[in-house]
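Notes follow once the structure below has been shown.
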Amino acid sequence: MMTFGKKIAALRKELKLSQTELAKKLNTSVSVISRYERDEMTPGIDTAKKIADLLNTSVGYLIGETEDDNLLKDPKMMQRLKDIKNLQEEDRKGILYALDNLLRSAKLKTL
């Protein structure tokens, strides 16, 4: 599993950003970015959010909660999750039950 720093470095390179460019966007120094990438230092939560936004990913991906760097970046999926969260509990349970069954059925088709 890649570390926080390795993920930052890989995403930065994927976007063809130099450490200098990322440092300027974060209003910090190149040495700080270098220390993040070598896992010698970790940013605070506000800086981690800024880094995630600049690198088009989520904090969850950077800290290892998910290995999908775009999972929470899809606005349509996020809106669906918010809509479900805002429903009354009974409706939310029904939708999640139906969704679980649909997902289970779709997974069985791929086997």
Side-chain angles (χ1 to χ4, degrees):
M1 183 168 91
M2 285 190 2
T3 65
F4 180 89
K6 300 297 181 223
K7 289 177 182 179
I8 291 173
L11 291 168
R12 177 183 58 75
K13 291 172 186 175
E14 193 175 294
L15 293 171
K16 298 183 182 0
L17 281 174
S18 67
Q19 286 184 338
T20 303
E21 291 167 321
L22 183 58
K24 284 181 184 176
K25 291 178 186 244
L26 286 172
N27 197 29
T28 192
S29 68
V30 175
S31 64
V32 168
I33 300 300
S34 179
R35 290 179 69 195
Y36 289 158
E37 291 185 2
R38 291 191 314 264
D39 294 304
E40 294 175 357
M41 188 169 109
T42 55
I45 190 66
D46 290 336
T47 303
K49 286 179 185 177
K50 288 178 189 175
I51 291 170
D53 287 341
L54 289 168
L55 299 178
N56 298 320
T57 194
S58 67
V59 174
Y61 171 72
L62 291 176
I63 63 172
E65 288 181 341
T66 178
E67 287 303 310
D68 183 349
D69 63 338
N70 290 311
L71 180 66
L72 300 176
K73 285 295 197 175
D74 182 344
K76 289 180 182 177
M77 288 303 290
M78 288 304 297
Q79 186 58 51
R80 287 179 180 120
L81 291 172
K82 288 176 186 175
D83 289 346
I84 292 170
K85 181 181 180 256
N86 291 327
L87 293 172
Q88 292 182 4
E89 185 175 352
E90 185 178 325
D91 292 333
R92 185 174 49 248
K93 284 181 179 180
I95 288 173
L96 292 174
Y97 178 79
L99 183 58
D100 288 342
N101 285 314
L102 289 168
L103 288 169
R104 191 172 14 264
S105 176
K107 287 178 184 178
L108 288 174
K109 286 181 184 178
T110 62
L111 294 178

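A continuous path of ILVMFWY side-chain contacts below 4.5 Å connects V59 to M2, so both sit in one hydrophobic cluster. Grouping the Ile, Leu, Val, Met, Phe, Trp and Tyr side chains by contacts below 4.5 angstrom, directly or via other members, places Y36 with I45. Residues I63 and M41 are members of one and the same hydrophobic cluster, defined by side-chain heavy-atom contacts under 4.5 angstrom among Ile, Leu, Val, Met, Phe, Trp and Tyr. When the side chains of ILVMFWY residues are joined at heavy-atom separations under 4.5 Å, either directly or via intervening members, I8 and L15 end up in a single hydrophobic cluster.
Summarising the geometry of V30 relative to A23, their closest heavy-atom pair is N-CB, 3.8 Å, with the distance given to 0.1 Å. In terms of heavy atoms, L87 sits closest to R92 at O-NH1, 2.9 Å.
Atom CG of residue N101 and atom CG of residue L96 lie 11.0 Å apart, to the nearest 0.5 angstrom. Taking CG of D46 as the reference point, atom CD1 of I51 lies at 11.0 Å (rounded to 0.5 Å). Atoms CD1 and CD1, from I95 and I84 in turn, are 6.0 Å apart once rounded to the nearest 0.5 Å. Note that NZ of K107 and CG of L102 are 12.0 Å apart. Values are rounded to the nearest 0.5 Å. In this structure, CD in E37 is found 13.0 Å from CZ in R35, a value given to the nearest 0.5 Å. The CG atom of L22 sits 8.0 Å away from atom OG of S18, with the distance rounded to the nearest 0.5 Å.
Environment of CG in N27: sparse, with no more than 12 heavy atoms of neighbouring residues, nucleotides or ligands closer than 6.0 Å. Sparse packing is recorded around CD of E90, with 12 or fewer heavy atoms of other residues, nucleotides or ligands lying under 6.0 Å away.
With hydrogens and angles disregarded, no donor-acceptor distance shorter than 3.5 Å links the side chain of K50 to the backbone of L26.
Between T47 and T28 the shortest side-chain heavy-atom distance does not fall below 4.5 Å.
In this view, K93 and E89 satisfy the side-chain hydrogen bond (donor to acceptor under 3.5 Å, both in side chains) rule, not counting sequence neighbours.
Each of L11, L54, L55 was evaluated against L17; a single residue qualifies, L55, per the side chain to side chain contact (heavy atoms under 4.5 Å, CB included) test.
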